[in-house]
Amino acid sequence: MTVSHAPPPAVPVHREKSSALMRTPPELEAVVPASVRRLRLRGTPRWVRRAVGPLLLLALWQVFSATGVLDPDVLASPGTIARAGSDLVADGTLPAAMGVSLQRVIVGLLLGGVIGTSLALVSGLSRLGEDLVDATVQMLRTVPWVGLIPLFIIWLGIGEAPKVALIALGVAFHLYLNVYAGIRGVDAQLIEAGTSLGLGRWGLVRHVVLPGALPGAMTGLRYSLATAWLALVFGESINADAGIGFLMNQAREFFRTDVIVVCLVVYAFLGLTADVIVRILERLLLQWRPTFTGQ
């Protein structure tokens, strides 16, 4: 009896390929989510990221000055400006000028702040006050306050008074507009809620209206500080015998571009410092307000 052996069944080709793929899995490339990439960028300190632009501009400025692209008579190099600033600090000229200018800004800011805020409260809290005050303030606001310098000289002389008055005028308008808008921008439903809780008129003003107007007031304060430094530049051109503007006028007569740039840097530094102070006040006074801080 003969036994025949049948050949083994043929394995399909596609089965062999699939089994081979199962034995050797392909290499997978890790995918990094976009959010993780943003977190890596955020890991860099913020002050480093903010300093990249100014440092790059400063490096280009130094390169152009060293290669002769920028004429020293047109604009001094950063090194020359640094030496000039060091000399002005060493002999006490720059600190004394900064003290005089700061005093003018502080006095003008306080005077203008009191006037602007008071008028905004009268106009914003009362319809009668709005009818009596707002039209006059809006009319005066359209007049270029820098153009009032000749009148200030005639009225107040050439001493400190016209410089302080010019700063106070610019500050008062900004604070008036923002505080007034903040008061009138308070949600009417909050007023109704306060009334239903038994708050009287002054209770509503104290606990609802003024806190609601505070963000606008802080915005007005930031604008007012910027205007105060701008007004100081114009004010110190009125026959000043001290201050940063006086240094700039002297440097202009002797074509000292290094000293002029030092004075401009001081103006910018003082303005930036004032803005930082206002930001700190906003964080302290407006902790109750949720805000969007960017992504």
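Here, residue 1 is the first one in the sequence, and each next residue gets the next number. The model shown is predicted, which means the values in this text are computed figures rather than measured ones. No hydrogens, no waters, no symmetry mates; every other heavy atom, side chains included, goes into these values.
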Original post:
Got L121 and Y180 here, is their nearest side-chain heavy-atom distance under 4.5 Å?
Top reply: no

Original post:
Does the side chain of T80 pick up a donor-acceptor pair with the side chain of R83 at under 3.5 Å?
Top reply: yes

**OP:** Look up atom CG in L221 and atom CG in L214, then write down how far apart they are to the nearest 0.5 Å.
**Re:** 10.0 Å

**OP:** Output yes when a side-chain donor or acceptor of T93 lies under 3.5 Å from a complementary backbone atom of V89, and no otherwise.
**Re:** no

**OP:** For the residue pair L88 and V259, establish whether any side-chain heavy-atom pair is separated by less than 4.5 Å.
**Re:** yes

Original post:
Just wondering, do L140 and F173 contact through their side chains at under 4.5 Å, heavy atoms?
Top reply: yes

**OP:** Treat each ILVMFWY residue as a node, draw an edge where side-chain heavy atoms are under 4.5 Å apart, and state whether V164 and F246 are in one component.
**Re:** no

**OP:** May I have the step-by-step check of side-chain contact (heavy atoms from CB on, under 4.5 Å) for I149 and L166, ending in yes or no?
**Re:** CA-CA 7 Å; I149 293 177; L166 191 66; 4.0 Å; yes

**OP:** Give the cluster check for F234 versus L151: same hydrophobic cluster or not, with ILVMFWY residues linked at side-chain heavy-atom distances below 4.5 Å.
**Re:** yes

Original post:
Quick one: does W155's side chain have a donor or acceptor within less than 3.5 Å of a partner on P150's backbone?
Top reply: no

Original post:
If you round to the nearest 0.5 Å, how far is CG of L102 from CG of L109?
Top reply: 11.5 Å

Original post:
Looking only at atom types and distance, does a side-chain atom of S123 sit under 3.5 Å from a main-chain N or O of L119, one as donor and one as acceptor?
Top reply: no

**OP:** Quick one: closest heavy-atom pair of A274 and W229, and the distance?
**Re:** CB-NE1, 4.1 Å

**OP:** Assess whether side-chain contact (heavy atoms from CB on, under 4.5 Å) is satisfied between N178 and M218, documenting all intermediate values.
**Re:** CA-CA 8 Å; N178 286 274; M218 300 307 295; over 6 Å; no

**OP:** Would you name the heavy atoms of R184 and G124 that are closest together and state the gap between them?
**Re:** NE-O, 2.8 Å

Original post:
Does one side chain, of S101 or Y267, offer a donor that lies under 3.5 Å from an acceptor on the other?
Top reply: no

**OP:** Can you measure from CG (L169) to CD1 (I115) and round to the nearest 0.5 angstrom?
**Re:** 8.5 Å

Original post:
With a 4.5 Å heavy-atom cut-off, do F64 and L75 have their side chains touching?
Top reply: no

Original post:
Do you know the tightest heavy-atom contact between A120 and I183?
Top reply: O-CD1, 3.8 Å

Original post:
Step by step, would you call R222 with R279 a side-chain contact (heavy atoms from CB on, under 4.5 Å)?
Top reply: CA-CA 9 Å; R222 296 182 68 178; R279 286 177 181 268; 3.1 Å; yes

Original post:
Honestly curious: do V100 and I167 fall in one hydrophobic cluster under the side-chain, below-4.5 Å linking rule?
Top reply: no

**OP:** Count the heavy atoms of every other residue, nucleotide or ligand shown that sit under 6.0 Å from CD of Q138, and state whether that count exceeds 12.
**Re:** yes

**OP:** Check salt bridge (charged side-chain N to carboxylate O under 4.0 Å, His left out) between D87 and all other residues, then give those that pass, not counting sequence neighbours.
**Re:** none

**OP:** Treat each ILVMFWY residue as a node, draw an edge where side-chain heavy atoms are under 4.5 Å apart, and state whether I106 and V266 are in one component.
**Re:** no

Subject >> Sidechain-backbone polar pair: T67 side chain, V63 backbone, donor-acceptor under 3.5 Å >> reply: yes

**OP:** Search all heavy atoms of S224 against all heavy atoms of L175 and return the closest pair with its distance.
**Re:** OG-CG, 3.4 Å

Subject >> E253 atom CD, neighbour heavy-atom count above 12 within 6.0 Å >> reply: yes

Original post:
Which heavy atom in E236 sits nearest to a heavy atom in G243, and how many Å separate them?
Top reply: OE2-CA, 3.8 Å

Subject >> Heavy-atom side-chain contact between V276 and I280 under 4.5 Å >> reply: yes

Subject >> R104/E160 salt bridge by N-O under 4.0 Å criterion >> reply: yes

Original post:
Is there a donor-acceptor pair closer than 3.5 Å between any side-chain N or O of T142 and the backbone N or O of M139?
Top reply: yes

Original post:
Can D134 and V137 be said to form a side-chain contact (heavy atoms from CB on, under 4.5 Å), step by step?
Top reply: CA-CA 5 Å; D134 187 66; V137 174; 5.5 Å; no

**OP:** Could you state whether L270 and V265 fall into the same hydrophobic cluster, counting links through intermediate Ile, Leu, Val, Met, Phe, Trp or Tyr residues with side-chain heavy atoms under 4.5 angstrom apart?
**Re:** yes

Original post:
Mind checking whether L272 and F269 have side chains closer than 4.5 Å, heavy atoms only?
Top reply: no

Subject >> Minimum side-chain heavy-atom gap I81-T257 below 4.5 Å >> reply: no

Original post:
Once you round to the nearest 0.5 Å, how far does CG of L128 lie from CG of L132?
Top reply: 4.5 Å

Subject >> Interatomic spacing from CZ in R256 to SG in C263 - rounded to 0.5 Å >> reply: 10.5 Å

Subject >> All ring pair (Phe, Tyr, Trp, His ring centres under 6.0 Å) counterparts of Y223, not counting sequence neighbours >> reply: H174

**OP:** Taking all non-hydrogen atoms of both residues into account, name the closest pair between S77 and Q62 and its distance.
**Re:** CB-OE1, 4.3 Å

Original post:
With a 4.5 Å limit on heavy-atom distance, are the side chains of L125 and E130 in contact?
Top reply: no

